[in-house]
4 protein chains.
Amino acid sequence: MSIARKPNPARRSEQSRQAIFKATRELISEVGYANVSIEAIAARAGAGKQTIYRWWRSKAAVVFDSFLALSEAGRQEEMMLPDTGDIEADLKLVMRATVTEFADPDFEAPIRALNAEIINDPDLAAQYREKLAGPVEEAKKARLCSAQRAGQIAADADLDLVLELLYAPLYQRWLHRSGPLTPEYADALVDLTLKAFRP
Amino acid sequence: MSIARKPNPARRSEQSRQAIFKATRELISEVGYANVSIEAIAARAGAGKQTIYRWWRSKAAVVFDSFLALSEAGRQEEMMLPDTGDIEADLKLVMRATVTEFADPDFEAPIRALNAEIINDPDLAAQYREKLAGPVEEAKKARLCSAQRAGQIAADADLDLVLELLYAPLYQRWLHRSGPLTPEYADALVDLTLKAFRP
Amino acid sequence: MSIARKPNPARRSEQSRQAIFKATRELISEVGYANVSIEAIAARAGAGKQTIYRWWRSKAAVVFDSFLALSEAGRQEEMMLPDTGDIEADLKLVMRATVTEFADPDFEAPIRALNAEIINDPDLAAQYREKLAGPVEEAKKARLCSAQRAGQIAADADLDLVLELLYAPLYQRWLHRSGPLTPEYADALVDLTLKAFRP
Amino acid sequence: MSIARKPNPARRSEQSRQAIFKATRELISEVGYANVSIEAIAARAGAGKQTIYRWWRSKAAVVFDSFLALSEAGRQEEMMLPDTGDIEADLKLVMRATVTEFADPDFEAPIRALNAEIINDPDLAAQYREKLAGPVEEAKKARLCSAQRAGQIAADADLDLVLELLYAPLYQRWLHRSGPLTPEYADALVDLTLKAFRP
DNA sequence: ATCTAACCGAGACGGTACGTCGCGTCTTTTG
DNA sequence: CAAAAGACGCGACGTACCGTCTCGGTTAGAT
């Protein structure tokens, strides 16, 4: 019998939205995801708490959108990976870049927090795959497809599986801190994966 | 100025400890990790909150030890994996078992929660690797070593890397819910990994 | 660095306020002042603890206001003492009434508690004098002033001092339980005081 | 059916007792009566908590005994008040001394605390009258008795009442902070009381 | 041009849990 | 066996946030 009050997005204040995103990002980098409260976000953004509760389900959702807004702002037309014709070299380049990125302490905290939330929140996981991981994976698969056509990867290879073999060990090692992330490690993963999917 | 009061473990009440473990496990399966409070654990265990704070750093630590106590209680002498001489068959058996295990909703919640905490808590991660993951990994590496001696795996293969290639994709797919966990998927990972590490 | 958050009295919930007063009075008479906790008051009143901490400095302050609310509710237009023209008779009447009042066990506990708090809390003492004792003392002084004009008390007598001589021995004897409080004792105090201040 | 375990006072450690007294007095002057805990006393005295609970009923009892020990230590053979033959002068001297004493901030806190406890604790009140107030009152009454014999005070005067008239206003004014304590005030009380009890 | 419905900031509210303090009891170890 | 040491169950503390709920004040779109 509940009268589902549904706010009208047309009337939404873009100014508040941006202020909330900004406050959220600042607070996360200042005190860490776990110590960020909705109260603090609202106070910092000069927004009422209700304005947050009206538009987001949870703190995780606010945080997610805050980062999404950032990444969308900086998004180039299309995500494109290098294609020199040499899949091994191209992949190693990309994987080494990922390794470097993961070493940046500024990215560390929010990405870890995001991953932790995703594990327990299916909705958030779906959004993550659709909005953040999806586009990047598409670009990677495009490059792999090109390699497939060039006969460098088995024609019947499942490209999702290729990506998992390449990246899952890397992510796991980073998330669990179970070993060092070196360029050599990246190279080894590329070599092994290509060997596994050799035609 | 703080005087670091350090409790004397010799005087610790084993009865309270066990009651806390039991209460923790029950509460987690009843209301889920996120909804378990230290207050509730203490109440259910008939213990004072201070008794928990005296011996554990955080809720995550209590939960971890609760499961650790369980696993140690049920631990067989030595962890041993089947060794029929056929590494492919043996690995597929084990991986399919893992897939089945992950489908059990009773294990799902606590394992997800544990993984989420591990991501953000280096201490907990270290303990996890040492106390829980470690013994299992040793057993798996023992089996892989046997296969290595039998010439089924390259002699120079890094066995940690073999395990990562085998399991990381599986774990990631499960944690991110990014795809179905089927026996065929398990088989495919074994096949690919063995191919990648073929002598 | 603390940001002194100051609540806005205009938005205060009168309903909560009254419920807290009621709960406080009930609890005091049920378990005694010392055994009343703010936690219990909040629970009984169906209020959050913060609602109490937001508006009162201490348990003593809540209790004080609770009684103040009572006394204000029951306050007759103006406090008036009998004036038959015979100051001695009038004072004896009033003092004997006080003696009787002090014998009532229902009033005993809270009044003792209030006096104990007042001793250690200057703010509370000031409030007590202003809100509770003040009006009563004014009425008494008015009657004494009338006696002064009638030449029954020295014209230069300090009326505050008269009241102290009359009441302080009575209060002290009651608070310290250092002797019986009888009508004769009341009469004696009146006689002595009048003699001391005879013109 | 409780087996009332009664400790044997003969075996009591005098060293602990003194250490507890010393710690109690120090803590009271450092943090104030209300903020002194039995835990803190035990810790400071290097005593076990049980040692305190074995020998005292309450914090108030420990504090009381601590001060009692002090006053007994410094007690001169017999308490004697000056007797110049002029009761008015002698009383004014003593009352002015009391006024001065009450102005000393070092004595203020503990005496206020003691009075607050006495109001709510009949046992403590009895002990106070017997051990602390008693001897002093006896001395004062001895002086008044001498004045009575000299015809300066009515022969049928109740000396307890004389003392109440003299001191109760002073104590009340101090405890309630309801007015200034000046030498003139002391003198006025003496004058009024002597007038009230003039033969 | 003026309603009027909605969002907005602000923040009080009933709650839950936090992590700490101290109580009074109990147990273990030391002299 | 008293005493020191201190762990224990317990209750309350005062604080931080939760998510809900008014309040006025502003700001649109519909009248």
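Note that this is a predicted model, so its numbers are computed, not measured. Order of the sequence lines sets the chain letters (A, B, ...), proteins ahead of strands, with each chain counted from 1.
Considering only side-chain atoms of Arg11(B), the nucleotide from dA12(F), dC23(E), dG6(F) that sits closest is dG6(F). Candidate nucleotides dC23(E), dT20(F), dC10(F) were compared by shortest atom distance to the side chain of Gln50(A), and dT20(F) ranks first. Each of dC18(F), dC18(E), dG9(F) was ranked by its minimum atom distance to the side chain of Ser16(B); first place goes to dG9(F). Side-chain atoms of Thr51(B) lie closest to dG9(F) of the nucleotides dG9(F), dA10(E), dA12(E).
Counting any heavy atom pair closer than 4.0 Å across all strands shown, Ala47(D) reaches sugar-phosphate atoms only and no base atom.
With rounding to whole Å, Arg17(B) atom CZ is found 12 Å from dC8(F) atom P. In this structure, CD of Glu39(B) is placed 16 Å from P of dG15(E), rounded to the nearest angstrom. For the pair Ile41(B) CD1 and dC8(F) P, the interatomic distance rounds to 16 Å; values are reported in whole Å. With rounding to whole Å, Gln15(B) atom CD is found 8 Å from dG9(F) atom P. Distance, Asn8(B) CG to dT30(E) P: 11 Å, rounded to whole Å. Here the C1' atom of nucleotide dG9(E) and the CD1 atom of Ile52(A) are 12 Å apart, to the nearest Å. The distance from atom CG of Asn35(C) to atom C1' of dG24(E) is 15 Å, rounded to the nearest whole Å. Residue Arg44(B) contributes atom CZ, which lies 15 Å from atom P of dC10(F) at whole-angstrom precision.
Closest-nucleotide positions on DNA chain E for Ala43(C) and Val36(B) were compared, and the one nearer the 5' end corresponds to Ala43(C). Mapping Glu14(C) and Lys59(B) onto DNA chain E by nearest heavy atom places Glu14(C) closer to the 5' end of the strand. Comparing Lys49(B) and Pro9(B) by the nucleotide of DNA chain F that holds the closest heavy atom to each, the one mapping nearer the 5' end is Pro9(B).
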Q: Show the numbers, then the answer: is there a salt bridge (Lys or Arg N to Asp or Glu O under 4.0 Å) between Arg25(B) and Glu30(B)?
A: CA-CA 9 Å; Arg25(B) 275 184 247 116; Glu30(B) 284 171 25; over 6 Å; no
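The side chain of Arg54(D) places an N or O atom within less than 4.0 Å of a non-bridging phosphate oxygen (OP1 or OP2) of dA3(F). The phosphate of dC8(F) has OP1 or OP2 within less than 4.0 Å of a side-chain N or O from Trp55(B).
Nearest heavy-atom pair, Arg177(C) versus Asp121(D), reported as atom, atom and distance to 0.1 Å: NH2-N, 4.1 Å.
Judged by the 6.0 Å and 45° rule, Arg12(A) forms a cation-pi pair with Trp56(A). Cation-pi geometry between Lys131(A) and Phe64(A) is not satisfied (NZ or CZ under 6.0 Å from the ring centre, within 45° of the ring normal).
A donor-acceptor contact closer than 3.5 angstrom is absent between the side chains of Glu117(A) and Tyr128(A).
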